[in-house]
Amino acid sequence: MFQPLKPLSDDIRRWIADNSTADVSALRLRHHGHSDLMHAILQIEARRKCASKLADTLRCDAFQFPDMIAAEQSTSDALAAIHSSIIGDASTVADLTCGLGIDSFHFAADGRKVTAIERRPEAAAAAVANACALRLSDRMEVICADSTEWLADTAATFDCIFIDPARRDNLGRRCYSLADCSPDVGTLLPQLRAHTGKVVVKASPMLDAEAVAHQLHHVSDIYLIGTATECKELVAVVDFSLPASTPFRLHAVTVTRGATSHITIGDDTHPTAMPYVAPQTGMVIYEPYPALMKAGHYRWIADRYNVTAPDPNTHLFLSDRPIDFPGKAYKIVESMDFDKRAVKEIASQRIKANVATRNFPLDAPSLARRLKISEGGDMHLYGIRTSARGLMLLLASRYSTRQSSPPKRNLPAYYFFWNMRAI
């Protein structure tokens, strides 16, 4: 039987706050052998690592991490809030893979009764202590057990079961297939069905949505969830009340600073051919958020937002004027064909820019070396393939809604050099 972590004393909490910016290696050397302070040093290190992703949870200075593994593998507050919204109106929830408990805490904070299963005693002990610290213990029960064994032994039923299978094997190698994760949700589904009518499965963003739906069956919705820079996860909703091969709704959800973009993808079929145009100076180029990019359905995106594209496989979009688009927007300062003359001229300017390639024969680092570009700065250089003009280079600046075009006095000298080519 596991014992909850003892609460952090007021003195230890003050010590953690006073040493929040200290060198943790030096602290460990200085306080080696002092168990309470060593645990406090772990809290300092884990809080630093999770300062951004657990900003809301860590407002509670009594919150404790059992170890760094739990800190590194925990979901973020923002993603846990999305998971809670996906669960919907379920009033009783079983979290079969509790871990640090961030998802469970959000489920309980939204008024649900939560049964959290965690097989690691140290993590379960922390979950009990943290439920108390967050004043959620009246709505949470933490059980230290293997979830598959616990399911076989219990007769309890729930409105929803949430499961986030471990994506690393015993040797620490990353697993991408659902069948390779632990537990294997596919083989566990009949057992899950005996305890609930709805299962929410969190999985790797590397998985294919169609393949997941085919493997799990009864899938009503699949969510691709990410930030402005990466797709973080794929979440599938299994609704046993639906036919096994029911069509699923596909969602692209992006968490950005202060906002969440939620797009439900429509039918990908389109009666007309998608327009492909060559990028021109003055156009706005759009880079979809990674979750939307992962969703595909590019013709639907073009139709929905009334944009064009340079090529069917470049996965960038264009418009003559700025629009509200779910992604990053850049103003094209200069467009040119990728040829020997362009390479020579750009290399002679020693440009500083962020380089990216799309459907291009060179990757970004190789193109940067070829053009003698230093990475960084405010400008962006794309190497892309277009249907109309073949390979092209685009120099662009991050679009600002406060101005229709970048003021020339703020542009680097090579902007004027490039434009002089046309004179």
Once rounded to the nearest 0.5 Å, what's the spacing between atom [atom1] of [X] and atom [atom2] of [Y]?
X    : Y    : atom1 : atom2 : answer
T314 : N359 : OG1   : CG    : 4.5 Å
I117 : S147 : CD1   : OG    : 7.5 Å
H315 : L292 : NE2   : CG    : 11.5 Å
D159 : H195 : CG    : NE2   : 14.5 Å
R321 : N306 : CZ    : CG    : 12.0 Å
I44  : R28  : CD1   : CZ    : 9.0 Å

Do [X] and [Y] come close enough that some side-chain heavy atom pair is under 4.5 Å?
X    : Y    : result
Q64  : L8   : yes
V200 : I163 : no
V237 : I222 : no
V284 : D320 : no
P326 : I263 : yes
S319 : Y286 : yes
L316 : Y298 : no

Can [X] and [Y] be counted as an ion pair, charged N to O under 4.0 angstrom?
X    : Y    : result
E287 : R358 : yes
R47  : E45  : no
R120 : D67  : yes

With sequence neighbours left out, what residues match [X] under salt bridge (charged side-chain N to carboxylate O under 4.0 Å, His left out)?
X    : answer
R385 : none
R13  : D10, D61
R389 : D337
D56  : R59

Name the one of I384, D339, I346 that satisfies side chain to side chain contact (heavy atoms under 4.5 Å, CB included) with L393?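 Passing option: I346.
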Here's a test for you: under side chain to side chain contact (heavy atoms under 4.5 Å, CB included), which of D221, I225, V201 qualifies with V235?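 In the set D221, I225, V201, the residue that makes a side chain to side chain contact (heavy atoms under 4.5 Å, CB included) with V235 is I225.
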Expected output: side-chain [X] to main-chain [Y] donor-acceptor under 3.5 Å:
X    : Y    : answer
T187 : D184 : yes
E375 : K352 : no
R139 : D110 : no
K294 : Y289 : no
S348 : E345 : yes
E118 : A145 : no

If you measure only the distance, is there a donor-acceptor pair under 3.5 Å linking the side chains of [X] and [Y]?
X    : Y    : value
S84  : R112 : yes
H251 : T264 : yes
D311 : T386 : no
S104 : D95  : yes

Does Y223 form a side-chain contact (heavy atoms from CB on, under 4.5 Å) with H262? I'd like the steps, not just the answer. CA-CA 9 Å; Y223 295 81; H262 184 158; 3.8 Å; yes
[X] and [Y]: which non-hydrogen atoms are nearest, and at how many Å?
X    : Y    : value
A78  : V255 : CB-CG1, 3.8 Å
L234 : D208 : CD1-C, 4.5 Å
N354 : G377 : ND2-O, 3.0 Å
T254 : A291 : OG1-CB, 4.0 Å
T115 : F158 : OG1-CE2, 3.6 Å
E334 : T281 : CA-OG1, 3.5 Å

Pairs in or reaching into residues 344-367: which pass ring pair (Phe, Tyr, Trp, His ring centres under 6.0 Å), with residues at least two apart or in two chains?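 Matches after skipping sequence neighbours: F338-F360.
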For residues 101-135, which residue pairs pass the ring pair (Phe, Tyr, Trp, His ring centres under 6.0 Å) check, not counting sequence neighbours?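 Residue pairs passing ring pair (Phe, Tyr, Trp, His ring centres under 6.0 Å), neighbours aside: F107-F162.
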Anything under 30° is parallel, anything over 60° is perpendicular, the rest tilted; go ahead and classify F325 against F317.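 Aromatic pair F325/F317 classed tilted.
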Parallel, tilted or perpendicular: rings of H380 and Y330 (30°, 60°):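 If you compare the ring of Y330 with that of H380, the planes turn out tilted.
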Listed by chain and number, what are the side chain to side chain donor-acceptor pair (under 3.5 Å) partners of [X], not counting sequence neighbours?
X    : value
Q280 : none
D378 : none
R369 : S366
T308 : none

Check the pair T75, H83 against side-chain contact (heavy atoms from CB on, under 4.5 Å), reporting the backbone distance first and the verdict last. CA-CA 10 Å; T75 192; H83 300 158; 3.9 Å; yes
For A194, all residues meeting side chain to side chain contact (heavy atoms under 4.5 Å, CB included), sequence neighbours excluded: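 If we apply the side chain to side chain contact (heavy atoms under 4.5 Å, CB included) test to A194, skipping adjacent residues, there are no hits.
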Derivation and outcome, side-chain contact (heavy atoms from CB on, under 4.5 Å), residues I332 and L318: CA-CA 10 Å; I332 299 177; L318 299 162; 4.1 Å; yes
Using the rule given for side-chain contact (heavy atoms from CB on, under 4.5 Å), can you reason through D239 versus H218, listing the C-alpha separation, both sets of side-chain angles and the distance that settles it, and then say yes or no? CA-CA 5 Å; D239 185 343; H218 311 281; 5.6 Å; no
Check the pair T57, D77 against side-chain hydrogen bond (donor to acceptor under 3.5 Å, both in side chains), reporting the backbone distance first and the verdict last. CA-CA 7 Å; T57 295; D77 282 321; 2.6 Å; yes
How would you list, by chain and number, every residue that makes a ring pair (Phe, Tyr, Trp, His ring centres under 6.0 Å) with H39, sequence neighbours excluded?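 If we apply the ring pair (Phe, Tyr, Trp, His ring centres under 6.0 Å) test to H39, skipping adjacent residues, there are no hits.
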